[in-house]
Amino acid sequence: MFGCLVAGRLLQTNLIQVDDTHAYFELPNASTINHVCVFMLGTVPFPDGYAAAVHFFWPGKGFQLLGMLSNEKPSAIFRLRGTYSDESSSAAQDRFSTFSTVGPAEQQDVTAILGLSIEPLAQIQSQLQSLPPAVATGSDLTRDPTKLAERIVKHLFNYISGFTSGGPLSPEVAIPMSVIARWYESFLGKVRAGGLGFLERGD
């Protein structure tokens, strides 16, 4: 019913079923993961009024609610690096205690867990309202392509402004392609290193 994709890895469909309403994916080498995409396979829809809460478990830190999947929103991208809260969800801990048997985290190979809990939609929405804005259902930028494009263009504009000899940018100002190329390499480096957070911070 669900699939999971970590950038740079093969698609995971090896969902481990706990019971009728709980399942999870194991995410090996989790310390290298920036973002994860979770989606419905389209084979089995949720019953009316139900959805799946998506939880992330890091060994030693407990569970954190990331967001949800529903028939209306069958896929979502979540940023894992830099958004984990030290406050574990006690409700999730209770629900997933049957499989949270991963031992203490090792520096070189941490196996995290992405848990899915099928619950009433209203109950999940209530839980999501209590999340910090940066955590709830992933980054605003990943949910809004227009906002993402606007932030990228603003980042480029700010970068090339430093190459205009002190004058303001205008349609008549010529910008060498080498400057754009350097911005592009710098931009990709930041995305690979820490995701899109720098665009939200205005770095």
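Only heavy atoms go into these numbers, but all of them, side chains included; no hydrogens, no water, no symmetry mates.
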Quiz item: Quick one: does Val38's side chain get under 4.5 Å of Leu116's, heavy atoms only?
Solution: yes
Quiz item: According to the side chain to side chain donor-acceptor pair (under 3.5 Å) rule, which pairs have a member within residues 7-16, sequence neighbours left out?
Solution: Arg9-Thr32, Gln12-Asn14
Quiz item: Is any side-chain heavy atom of Gln123 closer than 4.5 Å to a side-chain heavy atom of Gln127?
Solution: yes
Quiz item: Does any non-hydrogen side-chain atom of Phe25 lie less than 4.5 Å from one of Leu15?
Solution: yes
Exercise. Give, for atom CD of Gln17 and atom CZ of Phe2, the distance between the pair rounded to the nearest 0.5 Å.
Key: 8.5 Å
Quiz item: If two hydrophobic side chains count as joined below 4.5 Å and joins carry through other members, does Leu5 share a cluster with Ile77?
Solution: no
Practice problem: Any chance you could measure Leu156, atom CG, to Ser186, atom OG, to the nearest 0.5 Å? | Solution: 11.0 Å
Quiz item: Can you find a heavy atom in the side chain of Val179 that is under 4.5 Å from one in the side chain of Tyr159?
Solution: yes
Self-check item: Phe46 and Met40, any side-chain heavy atoms less than 4.5 Å apart
Solution: yes
Exercise. List for me each residue that meets side-chain contact (heavy atoms from CB on, under 4.5 Å) alongside Asp48, sequence neighbours excluded, and say none if there are none.
Key: none
Exercise. Can you measure from CD (Glu72) to CG (Leu121) and round to the nearest 0.5 angstrom?
Key: 7.5 Å
Exercise. Classify the ring geometry between His55 and Phe63 as parallel (under 30°), tilted (30 to 60°) or perpendicular (over 60°).
Key: perpendicular
